[in-house]
Amino acid sequence: MSENPPVLTSEPDVVAGADEAPIILSTQNITKVFPGTVALDNVSFNVRQGKVNVLIGENGAGKSTLMKILVGVEQPTSGKILLDGREIHLNSPLDAARLGIGIIYQELNLCANLSVVDNIFLARELRRRGLIDRKVQRQRTRELVSRLEQRIDPDALVGDLRIGQQQIIEIAKALAQDVRILIMDEPTSALSAAEVEILFRVIRELKSYGVTIIYISHKLEELLQIGDYITVLRDGRKVVEVEAAGVTVPWLIERMVGRSLVSMFAHQERQPGKVMLKVENLTLPRPGGGYVLDHVSFELREGEILGFYGLMGSGRSDLLDCLAGLLPPTAGSIWLNGAPVTSTTVSERIREGVVLVPEDRQNFGLVPTLSVMDNMLLASLKNYIEGFFLARRQEKSVTEQQIKELSIRVANPQQPITALSGGNQQKVVVSKCLLTRPQILLLDEPTRGIDVGAKQEIFDIMSRLADQRYGVIFVSSELKEILAMSDRVLVMSKGRLTGEFTAQEATEEKLVAASAVGHGPSNGDNWNGREA
Amino acid sequence: MNSARVGRSRRITQTDVMQFLLRGRAFIALILVLLVFSILQPGFLGPDNVIIMVKHTAIWALLAIGMTFVILTGGIDLSVGSIVGLTGMIAGGLINEGIIIPQLGIAIYPHTWMVLAISLLVGTLIGSVSGLVITRFKVAPFIATLGMLYVARGMAGLRNDGYTFPNLVGQPEYGNTGFEILGAGHFLGFNYAGEYVKLYYSIWILVAFALIAYFVTSRLPFGRHVYAIGGNENTAELSGVRVNRAKVIVYSISGFCAAMVGLIITSQLVAAHPRTGDTYELTAIAAVVLGGTSLDGGRGSILGTVIGALVITVLTDGLVTLGLSTFWQNVAKGAVIVAAVIIDQLQARWQEQIALQQQQELG
């Protein structure tokens, strides 16, 4: 695949000006292949010294993979990395750290069982005569935390902190390493507006010291506010690299999503029928206090696609887990077609007709050691028994039919599941769930990490199911997907439903506003009184 | 792309050959050890030796079949050696002492069939207890079955204060004779190098167990569930597999197989020793691993395990006939087992690469 010259690199790389900052770090023709997907395809990315170098792209565009390569977590399949013009080989995060490259990850990479101090100095402990110098470490931690304008006890366990505070600790951890190049992978996804302001002040301060920032985010306005240079990735390829000045949001969106968007996100009118699923006061307390799900109530109708939008940690995935029987709610009730649901296990829920396509495909959707066929049939094996044994013939014909129906690209059904691309793997997972003959299909981020074509096909499947009078609930962090696919949108924030919109009412602004409810004082009225 | 696909399936490539060799490695290993020992020791494949090896194979293979179920789920069962000892002692006690009811001052001597049934039931129950501890209390299988190793071994000693139950032939007046037939009885056989090789009942039991286990693993939903749990427990759970129940069942199967072995050995010896089966769990694990089953779970087969048991038997007995010291025997066995796991890891890496290749070809 890498032999074909990618179309997009034929575009001029940079519109270079004479007064540009020098390039400190660059990747040259980096390609990275994973089992399941080509994450990066011939990407050349330039990082300019003392600037905020923004990297954007949709989910699955390859941003996080590129960052993992720059910090030595992943090694490129091919291509070079240059630092100060010299080629470097990063075999581990320690190599990168030694060269002054630090990172703040999108997913929190902290040890919940260790204290703030221990996390900040993990694997870089300050030592005195071979022993950890706790006093100095604690002192440095206090300085770092106060620089970030926070009051967090250095000895507090990280697991006991709020998500936003944990994010601050991630930032402090990177700052503690005296980095030359700091990568921030969606650092604001869990921060309140006030915390974002603080972060931006720190970034400007770092820039003034000559620290180079690589900044990744989905929030376009935020990027234009802080960025100096912008690089857009799409489906693992670099689309464009420009100076941020003069760039507009619509121009960026166009670069990010390409042209296929229009057809993909055309909303389709549907007429939902009677109520299938009724959820009342579903509640799940958080172990450290507060709620994962805070008295959630809603209804789902026949032939309806119900979209759930919310930030990371808003409880939307937990809600689906509860409905699927994976998490036991402590209070509240669920009715299915008018009858109360009392079952507590996943297998019972599947028998009742509720099944989940999980968010984390690798860890919850697939069995990597099994073939495509065995993965696909795993949830519905009892349907293929003839006499006493599984009937191979029947298994095969069902699998082949599904492969055809969902146009799954495989050489043969006995192929290992790991040989499929991400999108095709996802279709196998969806097919596994459909084969249980559900009434209600729950999809948690069904398009995460799959290419545009496969996204379209997943959407087609969802529409088809709704037309066949299934109930479909899906969770997505992509506003456009939510707006295009949903007949009704529910928004969650901090475990509560904070908004309900019909397809006609819903706009990006309304959804974003509702998803920010309860996230700090700068969001205006702060009507979530319990939060403080 | 279509034509490329057809072309690939027709041509036998180097990849195909390597895959064939890796898949059939247990069988190749078997042929290799047989060759080596028959060259080093000309009488190695003589009738006396073959008879002994056939008997030993039955024991290792039966234990290893039960162990295969457990290992396929990603678990391990260290208690099987102790269950062998304990069930032997229980059977011995039932035959020599009966069930004593002190309140009435009598002892009930169960029929030999009952003795077998009770012993098998005890083994199964011990396995299910391990399974329950593992699933209900989330104890790591290694620890739960290590505990059971000590408990069951201790109970085997307690049964008769550390003494043997000798001479387990029963008494005609109690109607509990015939226990020794399980070990000494035979059905059919063949002439080999001028001698008649008897096929003992233990071999037929093995054949039956292996066939059932083969069909369970490959043709029943339960078998597929076992593979799925070992491959990815989360996915299995979310697909509606009753993971905990399946786990309890695999440890019960392992306990049942161990009890069967306990009965066979006790019957062969016509005596029950509390220390019988010591470290057998390790040999059983070795057989499973040699048969190509991954200790990570999810990959392996019953056929592989049976071949693995054959390899272990030939290796162990071969080293004995060579007259090597037990120390050297242990060194050789250990090296072979580690080599098997190294090859297993190589295969996993190899398969990953093939998967990547196929994926790129599919585009």
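Hydrogens, waters and symmetry mates are skipped; everything else that's a heavy atom, side chains included, is used. So you know, we letter chains A, B, ... as the sequences are listed, proteins then strands, and number each from 1.
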- Item | Residues B:Thr217, B:Phe69; criterion side-chain contact (heavy atoms from CB on, under 4.5 Å); working and verdict | CA-CA 8 Å; B:Thr217 50; B:Phe69 279 94; 3.7 Å; yes

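- Both the backbone and the side chain of A:Leu378 come within less than 4.5 Å of a heavy atom of chain B.
- Salt bridge annotation for A:Glu395-B:Arg219: absent, with no cationic side-chain nitrogen under 4.0 angstrom from a carboxylate oxygen.
- Counting heavy-atom pairs closer than 4.5 Å to chain A, the top-ranked of the candidates B:Asn234, B:Asp296, B:Thr235 is B:Thr235.
- The part of A:Ile385 that comes within reach of chain B is its side chain, from C-beta onward, which places non-hydrogen atoms under 4.5 angstrom from that chain.
- There is a side-chain donor-acceptor pair under 3.5 Å between A:Gln362 and A:Gln425.
- Top candidate by heavy-atom pairs under 4.5 Å with chain A, chosen from B:Ser294, B:Gly297, B:Pro221, B:Gly230, is B:Pro221.
- By number of non-hydrogen pairs under 4.5 angstrom with chain A, the leading residue of B:Ile229, B:Val216, B:Leu238, B:Val241 is B:Leu238.
- Side-chain contact check for A:Thr31 and A:Asn42: no donor-acceptor pair (N or O, by modelled atom type) lies under 3.5 Å.
- Residues A:Arg392 and A:Glu386 are not paired through a salt bridge, judged by the lack of any N-O separation under 4.0 Å between the basic side chain and the carboxylate.
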